[in-house]
Amino acid sequence: MPMVDGCEQAKREQEGRKLRILVTGGAGFIGSHLCERLVSQGHEVFCLDNLCTGNMENLEEVKDSPLFRLIIADVTEPLSLEVDAVIHLASPASPKDYGRLVVETMLANSLGTYQTLEVARKGGARYLLASTSEVYGDPLKVPQDEAYHGNVNPVGPRSCYDESKRFAEALTASYGRIHGLEAVIMRIFNTYGPRMRREDGRVIPNFIQQALAGEPLTVYGDGSQTRSFCYIDDLVEGICRALQSEEAVGEVINLGSDEEMTVLELAETIRKSLGSSSGITFLPLPEDDPQRRRPHLEKARRILGWEPKTSLEEGLRKAAEWFREELEKEKGRGGG
Ligand code: UDP
């Protein structure tokens, strides 16, 4: 066995340590994949969710594990739990969802952040905040690095999400300063994959389902707005690294893909990869829809040694397979 020095030994022990982890929003798209990964690494996971956009079916793979506990509760309620880490994901996250759950979204990101920060403060736990690329609003700078302060409309239709996430960041950073809390703020960019809600209105679920059904793909505006899409497994890997990294403490880190493409290019790619003959329908662009979005990933690469690995082609194939199966299940149930 190779010799390791004391410091290296301690680092390895820390990395190998089994943690008790609270994951809020654990029944959602990102949360359920994360719970599964953490349990597979031997950690004990407390998944808290009020199921407003989360779904019990997402937990099928993990729900019977002795390392997994489900707490059906609202994140805005006080919680008494001793854990080593808190990962706060709970919030509606698609424009359609936060557009209908406006106040719930604002409270999950304000009061919910406060309650979960208190859990972390009382137990001396590490805290990971799932923030968002939306804090950059309609950015005037491309790519968006973490030092950029953004261009957000504080009273527009997206502001319930953007501004409450900005508040969540401010509160988290303040707990770091005031209480010495070990906090990491992750700004998560567009992510996709199995378990996205079929009706959440986001571009990839919409386009895949439209392409599978042979219906026209609904491009909003002229489709020249850009996004960059990260596959779920890559994102989960980034979150796990942020959880274990000492250098990440006190940092704000973008997580996502930096392969920027227009929405029209995405539509073409999905049609091609699914061999679909669907046409394209152009619909009005929603108010305040960001024109450009692409993360600067230098910090994620340097601090976490992380970058997305899954090609869009492969990720879309896996996502489409899942949507296809969901549609089959629905047909089997006589739902269409
Ligand atoms: N979009 C679209 N057609 C759809 C759904 C979304 O053209 O059926 C566009 C939307 O206007 C935005 C981009 O795709 O420019 C990404 O939208 P999404 O809701 O997935 O997430 P966002 O990045 O806006 O939060």
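Indexing begins at 1, ligand by ligand and atom by atom, following the structure's order. Please read these numbers as outputs of a predicted model, since none were measured by experiment.
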Decide whether Leu59 and Leu38 are clustered together by the hydrophobic rule: side chain heavy atoms of Ile, Leu, Val, Met, Phe, Trp, Tyr closer than 4.5 Å, transitively. yes

Check whether more than 12 heavy atoms from other residues, nucleotides or ligands sit under 6.0 Å from atom OH of Tyr114, and answer yes or no. no

ring-ring contact (aromatic ring centres under 6.0 Å, His included) partners for Phe29, two or more places apart: His33

Could you work out, with side chain to side chain donor-acceptor pair (under 3.5 Å) as the rule, every residue matching Glu325, not counting sequence neighbours? none

The ring-ring contact (aromatic ring centres under 6.0 Å, His included) partners of Tyr175 (sequence neighbours excluded) come to His179

I'd like to know whether CD of Glu259 has more than 12 heavy-atom contacts from other residues, nucleotides or ligands below 6.0 angstrom. no

Quick check on ligand 1: any N or O pairs to the protein under 3.5 Å? One line per pair.
{"unit_1": "ligand 1", "atom_1": "3 (N)", "unit_2": "Thr218", "atom_2": "O", "d": "2.6"}
{"unit_1": "ligand 1", "atom_1": "7 (O)", "unit_2": "Tyr220", "atom_2": "N", "d": "2.8"}
{"unit_1": "ligand 1", "atom_1": "8 (O)", "unit_2": "Asn206", "atom_2": "ND2", "d": "2.9"}
{"unit_1": "ligand 1", "atom_1": "8 (O)", "unit_2": "Thr218", "atom_2": "O", "d": "3.2"}
{"unit_1": "ligand 1", "atom_1": "8 (O)", "unit_2": "Thr218", "atom_2": "OG1", "d": "2.9"}
{"unit_1": "ligand 1", "atom_1": "8 (O)", "unit_2": "Tyr220", "atom_2": "OH", "d": "3.4"}
{"unit_1": "ligand 1", "atom_1": "11 (O)", "unit_2": "Asp289", "atom_2": "OD2", "d": "2.5"}
{"unit_1": "ligand 1", "atom_1": "15 (O)", "unit_2": "Gln225", "atom_2": "NE2", "d": "3.1"}
{"unit_1": "ligand 1", "atom_1": "15 (O)", "unit_2": "Arg227", "atom_2": "NH2", "d": "3.3"}
{"unit_1": "ligand 1", "atom_1": "15 (O)", "unit_2": "Asp289", "atom_2": "OD1", "d": "2.6"}
{"unit_1": "ligand 1", "atom_1": "15 (O)", "unit_2": "Asp289", "atom_2": "OD2", "d": "3.3"}
{"unit_1": "ligand 1", "atom_1": "20 (O)", "unit_2": "Val203", "atom_2": "N", "d": "2.8"}
{"unit_1": "ligand 1", "atom_1": "23 (O)", "unit_2": "Asn190", "atom_2": "ND2", "d": "2.9"}
{"unit_1": "ligand 1", "atom_1": "23 (O)", "unit_2": "Arg227", "atom_2": "NE", "d": "2.6"}
{"unit_1": "ligand 1", "atom_1": "23 (O)", "unit_2": "Arg293", "atom_2": "NH1", "d": "2.7"}
{"unit_1": "ligand 1", "atom_1": "24 (O)", "unit_2": "Arg158", "atom_2": "NH2", "d": "2.9"}
{"unit_1": "ligand 1", "atom_1": "24 (O)", "unit_2": "Arg227", "atom_2": "NH2", "d": "3.2"}
{"unit_1": "ligand 1", "atom_1": "25 (O)", "unit_2": "Arg158", "atom_2": "NH2", "d": "3.2"}

